[in-house]
Enquirer: 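Quick one: structure below, then a few questions.
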Amino acid sequence: MISGDAKVAMRARAVRKSFGALEVLSGIDLDVREGEVVCILGPSGSGKSTFLRCINHLEKVDGGTIHVDGHLIGYEDRDGVLHELHAKALARQRSEIGMVFQRFNLFAHLSARDNIVQPQRLVRGAEPAAARARAQELLEMVGLGDRGDAYPSQLSGGQQQRVAIARALAMRPKLMLFDEPTSALDPELVGEVLTVIRKLAEEGMTMIIVTHEVGFARDVADRVVFMDGGVVVEEGSASDLITNPQQDRTRVFLRRML
Amino acid sequence: MTETRAHSDAHRTIVPARNRLQSAAAALLCILIGVLLYVVSNSPNVQWSVIPGYLFDPTILSGVRLTLIFTVLSIVIALILGTGLALMKQAQNGVLSGFAGLYIWFFRGTPLLVQIIFWFNIQLFVPTVGFGAYHIQTNALVTSFVAALLALSLNEAAYMAEIVRGGLLSVDPGQREAAAALGYRPGQIAVRVILPQALRVITPAIGNQTISMLKTTSLVSIVAAQDLLTRVQNIYATNFLIIELLTVASLWYLVLTTVASVLQYFIERRLGAAQGVQAPTAVARFLGLFTEGRR
C-alpha cells in the first residue's frame with residue numbers, strides 16, 4: 001500500500017479539453033502518488049484516453065494544468081502566463097513518461113530489439129553495446145528473450161505489446177501510461193500482457209492504466225477512478241469502488257462489464 | 001447403364017467457345033501489319049543498312065551517356081528537393097506550406113518545354129550573378145547543360161514532392177505518436193521513423209518517374225544540350241538520314257527504358273517479398289538487390 005505522504009508523481013487540476021464544440025474533459029482533478037497504480041475505468045467516449053494523452057501532451061489541454069514529477073507538462077509558466085514549450089523541451093519531458101498504446105505502435109521497419117535500442121540511442125545518447133544489453137535484459141523480462149530479431153509483423157499482438165512495454169521501460173520513465181493495452185488483443189493473448197503489467201506493479205512502478213478489464217483493475221490497482229462524460233464520477237480503493245460503488249453511473253457501468 | 005455414363009463423364013473432351021468477332025479482328029490486324037511492314041521495308045528513300053553502323057557511333061554513344069547523366073542527376077536532385085517540399089507542405093508555418101503549394105502548382109502547371117527554354121534564356125532576365133566585386137556573366141554560368149538540368153530537376157521536384165507527400169501520409173499516425181511519446185524530436189521522427197517507412201510506398205513511383213524521365217530528357221534537345229536526340233539531330237542535319245537516325249535514337253530509348261523496367265521489376269518484387277517480412281532499412285533492402293536468392 002502507498003503511504004499517505006508519498007511524493008505526488010502526477011497532479012492534474014481542472015483539466016479541460018474540447019474537440020471542436022464537443023467538450024471531452026470538463027475539469028479533471030487527479031493526484032497519483034509515486035509507486036501507485038491507478039486504473040481508470042469508464043464507458044467509451046468518457047474521455048479517459050484523452051485525459052491519458054494529455055498527461056504527455058499528445059493532446060493539448062484547453063484549460064487546467066498537469067504536473068509530472070513537479071514539472072508543468074507542455075508549458076512554461078512565465079508570470080502566470082502559460083507559454084507552450086518548444087519541441088526539444090517537450091521531447092525531454094516526454095522521455096520521462098512511458099506510454100503504451102492500444103495498437104502497440106512498434107516501429108514497423110525495425111526489429112523488436114532495434115525498437116528498444118533506437119530510442120535509447122537517439123533520446124538518451126546510449127552507447128550501442130549498452131543499449132543492446134539493456135534491450136536484451138528487457139526482452140527477457142517480458143518473456144521474449146529469443147525474439148529480438150523478429151519484426152513486428154512476425155509477432156502476435158500480445159508479443160508486440162510486450163515489446164512495446166519493454167521499449168517504454170528502456171527510457172527508465174518515472175511514470176508509465178497504458179492506453180487500453182489489451183483492447184486490441186485476441187482474448188487468449190490478454191493474459192500475457194497483464195502478467196507483465198502486474199510484474200511492473202509489484203516492482204513499484206508508478207502507472208496510470210486506462211482499461212476495460214475490471215477484474216484486472218481490482219487485482220492490480222491501488223486506486224480505481226471511474227470517469228464518465230468528461231468528469232471523474234467516483235474514485236476509491238480498488239476493492240471498495242468495484243465491489244461497493246456509491247454512484248448510480250458507476251453501478252450501471254460495472255453491472256454491464258462484470 | 002449409370003456405370004458406363006459415369007465412366008464416360010470422366011473422359012469427355014471439352015471444346016472452349018470461340019469468339020468469331022475476335023478471330024476476324026485479329027486476322028484483319030495481321031493483314032494491316034503485314035502491309036505496313038512491306039511498305040516501310042520497301043521504301044526506296046530509307047537506307048536501313050546504315051542503322052547498325054550508327055548504333056555504336058561514338059557520337060551517339062556519348063549522347064546516350066549524357067541522356068543517362070541527365071536522367072540520374074535530375075531524379076536525384078528532384079528527390080532531394082521534392083522531399084524538402086513535401087516536408088514543407090506539411091509544416092504548421094503557413095509561409096512554408098504556402099510556398100511548397102505554390103511551387104508545385106507553378107512547376108506542374110507550366111510546360112516543361114517552356115521551362116527549358118526559360119532557363120536557357122535566363123540571362124535576358126538576370127544578366128550577371130554574384131556579390132560584391134565578384135560578378136560572372138549568367139551566360140557563362142548557365143550553359144545549355146546547366147539550363148537543361150535545372151529545368152528537368154526543378155520540374156521533376158514538383159512531381160516528386162507529391163509522391164513523397166503521399167508516402168508520408170501512408171505511414172500510420174501511431175508511428176509518429178509512439179516516437180513523440182518516447183521523446184524523439186521532430187527531425188528524428190521524420191528521418192528515423194517516417195521516411196524509412198514512406199520509402200516502401202514511394203519506391204515504385206520513383207521507378208516510374210525514372211523510366212519516364214529517360215524519354216523526357218529528349219526535350220532538352222531544344223537547347224542543344226547534347227543528349228541522345230541532340231546528337232542524332234546534329235548528324236541528320238548534315239546527311240539527311242532523318243528516319244534512319246530517329247530509328248537509332250528510338251532503339252536506344254527502348255533499350256534504356258527496357259533495362260530500367262527490368263530493374264524496377266526486381267526492386268518491386270523485393271519490396272513485395274518484404275511486405276510480410278520487412279527488411280531492416282532502405283539501404284539494406286537496396287543492397288539486398290545484389291544478393292538475391294540468399295534468403
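Every chain is numbered from 1, with letters handed out A, B, ... down the list of sequences.
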Enquirer: Rounded to the nearest 0.5 Å, what separates atom CZ in B:R185 from atom CZ in A:R92?
Expert: 9.0 Å
Enquirer: If you count heavy-atom pairs under 4.5 Å with chain B, which of A:A170, A:P119, A:P152, A:P173 comes out on top?
Expert: A:P119
Enquirer: Taking all atoms of both residues into account, what is the closest heavy-atom pair of B:A178 and A:F101, and its distance?
Expert: CA-CE1, 3.6 Å
Enquirer: Please classify the contact of B:R176 with chain A as side chain, backbone, both or neither, using a heavy-atom distance under 4.5 Å.
Expert: neither
Enquirer: Indicate the atoms forming the closest heavy-atom contact of A:R94 with B:A180, along with that distance.
Expert: CD-O, 3.1 Å
Enquirer: Near B:R65 CZ, under 6.0 Å, is it more than 12 heavy atoms from other residues, nucleotides or ligands?
Expert: no
Enquirer: Where on A:R53 is there a heavy atom nearer than 4.5 Å to chain B: the side chain, the backbone, both, or neither?
Expert: side chain
Enquirer: Would you find more than 12 non-hydrogen atoms of other residues, nucleotides or ligands less than 6.0 Å from A:F19 atom CZ?
Expert: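 Count over threshold, so yes.
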Enquirer: For atom CZ of A:R124, is the number of surrounding heavy atoms from other residues, nucleotides or ligands below 6.0 Å larger than 12?
Expert: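 Yes - once you tally the heavy atoms of other residues, nucleotides and ligands closer than 6.0 Å, there are more than 12.
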Enquirer: Of the backbone (N, CA, C, O) and the side chain (C-beta and beyond), which part of A:L122 lies under 4.5 Å from a heavy atom of chain B, both, or neither?
Expert: both
Enquirer: Check each of B:R192, B:Q175, B:Q197 against A:H109 using the side-chain hydrogen bond (donor to acceptor under 3.5 Å, both in side chains) test, and report the only one that passes.
Expert: B:Q197
Enquirer: Locate the shortest heavy-atom distance separating B:V193 from A:Q118; write the atom from each residue and the value.
Expert: CG2-OE1, 4.4 Å
Enquirer: More than 12 heavy atoms of other residues, nucleotides or ligands under 6.0 Å from CZ of A:R172: is that the case?
Expert: no
Enquirer: Counting only non-hydrogen atoms closer than 4.5 Å, does A:L106 touch chain B with its backbone (N, CA, C, O), its side chain (CB onward), both, or neither?
Expert: backbone
Enquirer: Please report the shortest heavy-atom distance between B:L182 and A:A168, naming the atom on each side.
Expert: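 Looking at all heavy atoms of both residues, the shortest contact is CD2-CA, 4.3 Å.
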Enquirer: Could you check which of A:A150, A:A91, A:G98, A:S111 has the highest count of heavy-atom pairs closer than 4.5 Å to chain B?
Expert: A:A91
Enquirer: Could you tell me whether A:E76 atom CD has more than 12 heavy atoms of other residues or ligands within 6.0 Å of it?
Expert: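 Yes - once you tally the heavy atoms of other residues, nucleotides and ligands closer than 6.0 Å, there are more than 12.
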Enquirer: Can you tell me which portion of B:E177 sits under 4.5 Å from chain A's heavy atoms? Options are side chain, backbone, both or neither.
Expert: both
Enquirer: Could you tell me which non-hydrogen atom of B:A181 sits nearest to which non-hydrogen atom of A:M99, and how far apart they are?
Expert: CB-CB, 4.0 Å
Enquirer: For the NE2 atom on A:H83, are there more than 12 heavy atoms of other groups (residues, nucleotides or ligands in this structure) within a distance under 6.0 Å?
Expert: yes
